[in-house]
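One structure is given below, encoded as structure tokens.
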Amino acid sequence: MKKLFEPITIKNVTIRNRTVVSAMVTELCGPDGLATEAFIAYHEAKAKGGWGLIIPENYVIAPGVGGFANLPGLYDDSQIASHKAFTDRIHAAGAKIVCQLYHAGRRISAAVTGLEPVGPSAMKFASGQWEISRALTVEEIEQIVEQFADAAVRAKKAGFDGVEIHGGHGYLLHSFNSPFSNKRCDAYGGSITGRAKLSVDIVKRVREKVGNDFMIQYRISCEEGVPGAITIEEAKAIAMLLEEAGIDLLHVSQGGDFNHVVSPSSCEAKARYINNAAEMKKVLSIPVIGVGRINDPLIAEEVLRSGKADLVTMARASLADPEFPNKAEAGQYQDINYCIGCLQGCTKGCLVNPMIGHENEYDITPVAVPKTVYIAGGGIAGCEAAIVAAKRGHQVTLFESSDKLGGQWLLACVPPGKTDFSSLAAWQQRELKKQGVTVRMQTALTKELVEAEKPDVVLVATGSKPFVPPITGVQQTSVVLASDILAGRVNAGANVVVIGGGSVGAETADHLALHGSKVTIVEMRSGIAEDASARPRKFLLERLEAAKAAIYTNAGVLMIGKDAVYIEQDKQPKKLENVDTVVIATGSKSYAPLLQELQNCACEVLAIGDANGVKDGKHNMHEAFATALQI
């Protein structure tokens with residue numbers, strides 16, 4: 001990791017390494033824009049974890065101009081003191097910190113902030129229920145320039161090492177830069193120089209007011225994912241104008257009106273957007289920050305050695321493990337809790353790290369009186385509870401009836417694009433050993449064991465079982481469970497019908513199609529994989545379409561025959577013929593018989609994970625974490 005942990009000096013700021021945490025919305029501040037203890041502790045954990053440059057979220061330059069209600073602000077002198085306390089603690093931990101200044105523009109919603117959305121032209125943001133923005137007047141634009149500059153002065157007084165002017169992700173400055181959203185015919189529209197004028201004016205005015213000894217960086221979107229939008233060549237031209245105006249560092253991002261391209265998912269390539277940063281370096285003399293699902297220190301090192309960027313943003317990696325840099329610098333790669341790209345949380349908590357965002361309220365220090373804790377079930381919920389309870393000093397024994405830890409999570413790693421999910425199970429197994437948890441494999445926890453060994457607490461984490469609907473013909477040998485397919489216990493035939501089009505059914509069909517089966521999905525609802533995160537779902541649907549999967553929605557199964565499935569779609573009967581294998585993926589139901597058996601037990605008994613109601617991975621992990629903290 002020679003390059004990743006090499007210091008870099010920009011302007012008069014020396015950053016200890018090349019790792020960057022970019023801004024991610026937490027809403028941990030109040031409506032007054034002041035820095036709260038929760039907000040400070042969240043970033044302080046990352047600073048202590050070894051990150052070089054931290055960019056906290058979306059500081060609004062005026063009241064109500066953010067896309068969220070509880071954002072930090074520097075639009076008034078009264079806000080300076082709380083943010084000075086914030087920067088002091090970040091500096092004490094060895095990191096540098098830059099204040100990201102922004103105006104949400106067309107991404108303002110009156111329902112959230114009470115203000116109307118504004119932009120270069122009268123146009124709503126993306127699709128859906130967004131309001132149509134009002135085109136700003138020249139006088140209003142000039143006022144916004146001054147608001148950015150005044151906020152930058154306050155950031156300097158608050159002890160920040162610089163400011164980042166947010167010109168990406170569909171926010172106000174980006175909407176002016178982009179030909180997709182800027183239809184003006186005055187000085188702020190038309191040509192590239194016209195569309196970039198607002199950003200250039202802001203950079204120049206900020207420089208005038210903060211002086212030459214203060215770092216200014218700019219976050220730019222150069223790939224929007226929508227027809228008629230900004231291109232990389234136009235973005236490079238704008239970047240040259242910004243360098244001439246006085247920026248010291250360019251943060252090369254992507255995304256605009258169709259914002260899902262900002263955060264690549266697990267099914268997309270590592271460092272997906274790094275070539276955009278490399279293109280910027282061809283025309284600039286200032287350093288650039290590269291982004292795009294860089295979640296591994298080896299990928300980060302490769303990017304830097306390749307010369308494609310000078311620093312690397314690993315924002316979601318910092319959520320999964322705030323100690324990522326410290327561990328990577330020490331060569332402890334296997335101890336890193338890696339981001340899995342699930343997109344189930346991020347701005348509202350992390351699936352693999354329930355602690356993030358709760359640093360000031362969750363206490364994992366050892367208890368005064370340790371207890372004996374037995375946990376039934378070694379899925380991710382049971383393992384998480386065991387790890388947390390052991391960290392608190394309890395004597396923990398984990399019982400797993402099979403020969404593997406991980407439970408159904410092991411099946412979640414199998415479909416295309418989800419291999420990174422396995423890093424969570426691998427990390428948990430290492431942590432169990434590190435924390436001294438006794439693991440009894442191929443041993444089910446029973447009432448008799450509890451009565452004989454008398455633990456103080458029993459956590460039931462026995463998960464869920466597949467739900468098999470009472471369909472005529474479901475008992476035939478050609479009918480199998482999705483879990484059997486994903487576990488490799490059953491080899492499907494050439495022509496497969498998957499009953500159930502939720503995430504499990506759709507992903508199983510995707511897996512089967514990749515391995516040569518012709519797949520058909522039958523789903524009662526109007527769409528498939530509707531319980532999936534938006535970006536992974538997009539690619540899942542594209543792969544199923546490419547595989548020519550037949551999809552019947554608003555359809556129910558009437559009967560399963562010897563080599564056919566009889567369905568009804570929109571009250572019309574249909575026969576699916578020449579079927580070799582039928583896969584059941586119709587959901588799961590909690591499995592917790594031990595909970596009932598221990599009802600009159602002297603010890604404390606609690607259910608967690610799917611045993612306490614079927615949930616997704618994030619909610620199971622967070623429930624297990626919180627429950628273990630209460631022991």
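Note that the numbering runs from 1 along the sequence shown for the chain.
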Do [X] and [Y] touch side chain to side chain, with heavy atoms closer than 4.5 Å?
X    : Y    : result
L405 : L432 : yes
Y566 : V557 : no
L576 : V522 : yes
I584 : V474 : yes
L629 : I364 : yes
R16  : F5   : no

Hey, what do you get for [atom1] ([X]) to [atom2] ([Y]), rounding to the nearest 0.5 Å?
X    : Y    : atom1 : atom2 : result
R535 : C342 : CZ    : SG    : 14.5 Å
H83  : C29  : NE2   : SG    : 5.5 Å
L411 : C413 : CG    : SG    : 8.5 Å

Are the side chain of [X] and the backbone N or O of [Y] linked by a donor-acceptor pair below 3.5 Å?
X    : Y    : value
E323 : I336 : no
R537 : A529 : yes
H394 : V373 : no
S590 : G613 : yes
Q332 : A330 : no
E523 : G501 : yes
S533 : P536 : no
K618 : D616 : no
Q442 : D403 : no
T313 : V21  : no

* side-chain contact (heavy atoms from CB on, under 4.5 Å) evaluation trace for T508 with L486 -> CA-CA 7 Å; T508 302; L486 296 175; 3.7 Å; yes
* To do: Dump the intermediate steps for side-chain contact (heavy atoms from CB on, under 4.5 Å) on E400 and V439, then the final yes or no.
  => CA-CA 8 Å; E400 170 53 45; V439 180; 5.5 Å; no
With sequence neighbours excluded, give me every ring pair (Phe, Tyr, Trp, His ring centres under 6.0 Å) pair touching [range].
range            : result
residues 417-449 : W409-F421
residues 317-350 : W51-F324
residues 602-631 : Y362-F625

* To do: Just jot down the salt bridge (Lys or Arg N to Asp or Glu O under 4.0 Å) partners of E37, sequence neighbours excluded, or say none.
  => R89
Do [X] and [Y] have side-chain N/O donor and acceptor atoms under 3.5 Å apart?
X    : Y    : value
D531 : S503 : yes
S478 : Q476 : no
S318 : K46  : yes
N620 : E623 : no
T627 : Q630 : no

* With sequence neighbours left out, write down each residue that passes ring pair (Phe, Tyr, Trp, His ring centres under 6.0 Å) with H43, or none if nothing qualifies. => F39, F86
* Show your working on side-chain contact (heavy atoms from CB on, under 4.5 Å) between N612 and L606 and close with a plain yes or no. => CA-CA 9 Å; N612 190 38; L606 299 166; over 6 Å; no
Distance-only check: which donor-acceptor pairs under 3.5 Å involve side-chain atoms of residues 379-389, not counting sequence neighbours?
unit_1	atom_1	unit_2	atom_2	d
E384	OE1	Q428	NE2	3.4

Those residues that, when tested against [X], pass side-chain contact (heavy atoms from CB on, under 4.5 Å) (two or more places apart):
X    : answer
A492 : I485, V496, L512, S517, T581
D32  : L34
A426 : R430
T472 : M559

Solution key, residues 455-468 side-chain donor-acceptor pairs under 3.5 Å, sequence neighbours excluded:
unit_1	atom_1	unit_2	atom_2	d
D456	OD2	T372	N	2.7
T462	OG1	Y591	O	2.5
S464	OG	Q408	NE2	2.8
S464	OG	D610	OD2	3.1

* **Within residues 313-322 or reaching into it, pairs that qualify as salt bridge (charged side-chain N to carboxylate O under 4.0 Å, His left out) - sequence neighbours excluded** => D321-K327
* Verify salt bridge (Lys or Arg N to Asp or Glu O under 4.0 Å) between E507 and K418, making sure each step is shown before the conclusion. => CA-CA 10 Å; E507 289 178 356; K418 298 185 71 176; 3.0 Å; yes
